[in-house]
Amino acid sequence: IGTPGSSVGPASVADSFVFAFDIDGVLVRGGRAIPEAIQAMRVLNGANEYGLHIPHIFLTNGGGKTEEERCGDLSRQLLQDIKPGQFICGHTPMREMASKYRTVLVVGGEGEKCRVVAEGYGFKDVVTPGDIIKHDAATTPFRKLTPEEHANSRERDFSDVVIDAVFVFADSRDWAGDIQIMLDLAMSRGGRLGTRSETFDEGPPFYFSHNDVVWSAAHEHVRLGMGALRRMFEVTFKDLTGGRGKLHTHAFGKPQVPTFEFASRLLSQWRSTEHGLAGPPQTIYFVGDTPESDIRGTNAVNETADNDWYSILVKTGVYQDGTEPAYKPRVTVDNVLDAVNHGIQREM
Ligand code: G3P
Ligand code: MG
């Protein structure tokens with residue numbers, strides 16, 4: 001324990017360990033804080049018997065808004081000031097692809113929010129499904145743009161446009177329409193809308209910001225997530241092309257190891273800028289509710305990382321108490337407050 005204050009006291013900061021938190025099913029459900037989460041944040045911010053501040057970041061597969069806006073939401077929910085420097089959402093690592101592709105289709109989220117996110121990441125030419133429907137309303141027979149969507153969507157002649165890649169940034173608000181447009185592109189000649197490939201192997205690559213088939217929202221049972229959309233897209237593509245075609249789909253987010261490595265870099269930066277700590281921590285406690293994403297990824301990065309990634313599973317989200325998790329955590333606890341206390345007790 002130490003730095004920036006040298007003695008244990010109100011100013012002391014934990015320098016050997018940190019926490020990283022999943023959000024849905026751990027801290028928040030259906031837009032509301034899980035009650036123990038607010039107390040867990042207080043404990044991290046010094047309300048523990050050691051007066052210790054414990055550096056922490058947030059790593060969610062969710063998205064659909066800028067990191068700033070998501071941090072604003074989370075700050076209000078958890079009654080704590082959360083900054084973009086300690087926050088990663090599903091699409092955050094996609095910003096590293098901005099220079100690789102020129103014209104991209106961005107799918108998912110409310111209204112124009114994901115276009116704003118993509119342009120903020122530096123993507124030069126961002127198309128939305130709304131632009132395509134505005135150009136040709138017959139694209140989606142049962143999906144009509146609202147007057148607001150019509151006004152916000154961009155007028156464009158797609159006859160000369162090549163879509164270089166498709167990014168699913170957030171959950172689709174119109175699965176049928178979005179899957180239709182994605183299939184049109186997957187079966188197109190090189191990403192040209194309105195064309196059909198003879199071989200079905202020349203569509204653009206499809207990137208999903210995560211692969212969670214289900215997630216924990218307000219309902220008592222888990223709800224369908226982006227991984228389910230991906231499955232429907234892939235299965236339908238296979239049906240339509242008789243298995244002849246070739247799709248290129250990739251997922252970011254947890255449980256991908258590069259996402260955890262990205263989090264590790266953010267943690268080092270956050271520890272240094274916010275807490276004046278140098279070098280990596282010895283232990284990273286990762287608290288999650290989804291064995292297939294959170295626990296699988298934490299255990300996988302632990303295989304290769306220099307520090308100890310310690311997986312903690314909580315019972316407030318996707319994981320159901322009494323069942324056997326598909327990926328085994330180092331420990332299972334009731335909720336996020338117990339997770340934080342478990343980590344502190346192990347360290348002190
Ligand atoms: O859509 C979000 C969901 O799939 C998972 O979010 O915070 O549990 O990683 P989170
Ligand atoms: Mg979760």
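Counting starts at 1 for both ligands and their atoms, in listed order. Because only heavy atoms are used, hydrogens play no part in the values below, and waters and symmetry mates are left out as well, while side chains stay in.
- Note on the Mg ion (ligand 2): protein N, O or S atoms under 2.8 Å away count 3, no waters included.
- Distance alone, capped at 3.5 Å, places no donor-acceptor pair between the T290 side chain and the S293 backbone.
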Could you list each nitrogen or oxygen of ligand 1 that sits under 3.5 Å from a protein nitrogen or oxygen, with the atom names and the distance?
{"from": "ligand 1", "atom 1": "1 (O)", "to": "D171", "atom 2": "OD2", "distance (Å)": "3.3"}
{"from": "ligand 1", "atom 1": "4 (O)", "to": "D212", "atom 2": "OD2", "distance (Å)": "2.9"}
{"from": "ligand 1", "atom 1": "6 (O)", "to": "D24", "atom 2": "OD2", "distance (Å)": "3.1"}
{"from": "ligand 1", "atom 1": "6 (O)", "to": "T60", "atom 2": "OG1", "distance (Å)": "3.4"}
{"from": "ligand 1", "atom 1": "7 (O)", "to": "D22", "atom 2": "OD1", "distance (Å)": "3.1"}
{"from": "ligand 1", "atom 1": "7 (O)", "to": "I23", "atom 2": "N", "distance (Å)": "3.2"}
{"from": "ligand 1", "atom 1": "7 (O)", "to": "D24", "atom 2": "N", "distance (Å)": "2.8"}
{"from": "ligand 1", "atom 1": "7 (O)", "to": "T60", "atom 2": "OG1", "distance (Å)": "2.5"}
{"from": "ligand 1", "atom 1": "8 (O)", "to": "D22", "atom 2": "OD1", "distance (Å)": "2.8"}
{"from": "ligand 1", "atom 1": "8 (O)", "to": "D22", "atom 2": "OD2", "distance (Å)": "3.1"}
{"from": "ligand 1", "atom 1": "8 (O)", "to": "D24", "atom 2": "O", "distance (Å)": "3.1"}
{"from": "ligand 1", "atom 1": "9 (O)", "to": "D22", "atom 2": "OD1", "distance (Å)": "2.6"}
{"from": "ligand 1", "atom 1": "9 (O)", "to": "N61", "atom 2": "N", "distance (Å)": "2.8"}
{"from": "ligand 1", "atom 1": "9 (O)", "to": "K254", "atom 2": "NZ", "distance (Å)": "2.8"}

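- Side-chain contact between H150 and T146 is absent, with no heavy-atom pair separated by less than 4.5 Å.
- Cluster partners of I88 are V18, I57, L59, V257, F260, F262, L266, L267, W270, I284, F286, V301, W309, counting Ile, Leu, Val, Met, Phe, Trp and Tyr whose side-chain heavy atoms approach within less than 4.5 Å, directly or via other members.
- Judged by distance alone, the side chains of T316 and N335 never bring a donor and an acceptor atom under 3.5 Å apart.
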Would you be so kind as to tabulate the donor-acceptor pairs closer than 3.5 Å made by side chains of residues 93-108, with sequence neighbours excluded?
{"from": "Y101", "atom 1": "OH", "to": "Y207", "atom 2": "OH", "distance (Å)": "2.5"}
{"from": "T103", "atom 1": "OG1", "to": "D125", "atom 2": "OD2", "distance (Å)": "2.7"}

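- The pair R230-E234 counts as a salt bridge, with a side-chain nitrogen and a carboxylate oxygen less than 4.0 angstrom apart.
- Closest approach of G109 to C114, counting heavy atoms only: CA-SG, 4.0 Å.
- Taking the centre of each ring, F206 and F233 come in below the 6.0 Å mark.
- A pairwise comparison of heavy atoms in S188 and S197 identifies O-CB, 3.3 Å as the closest pair.
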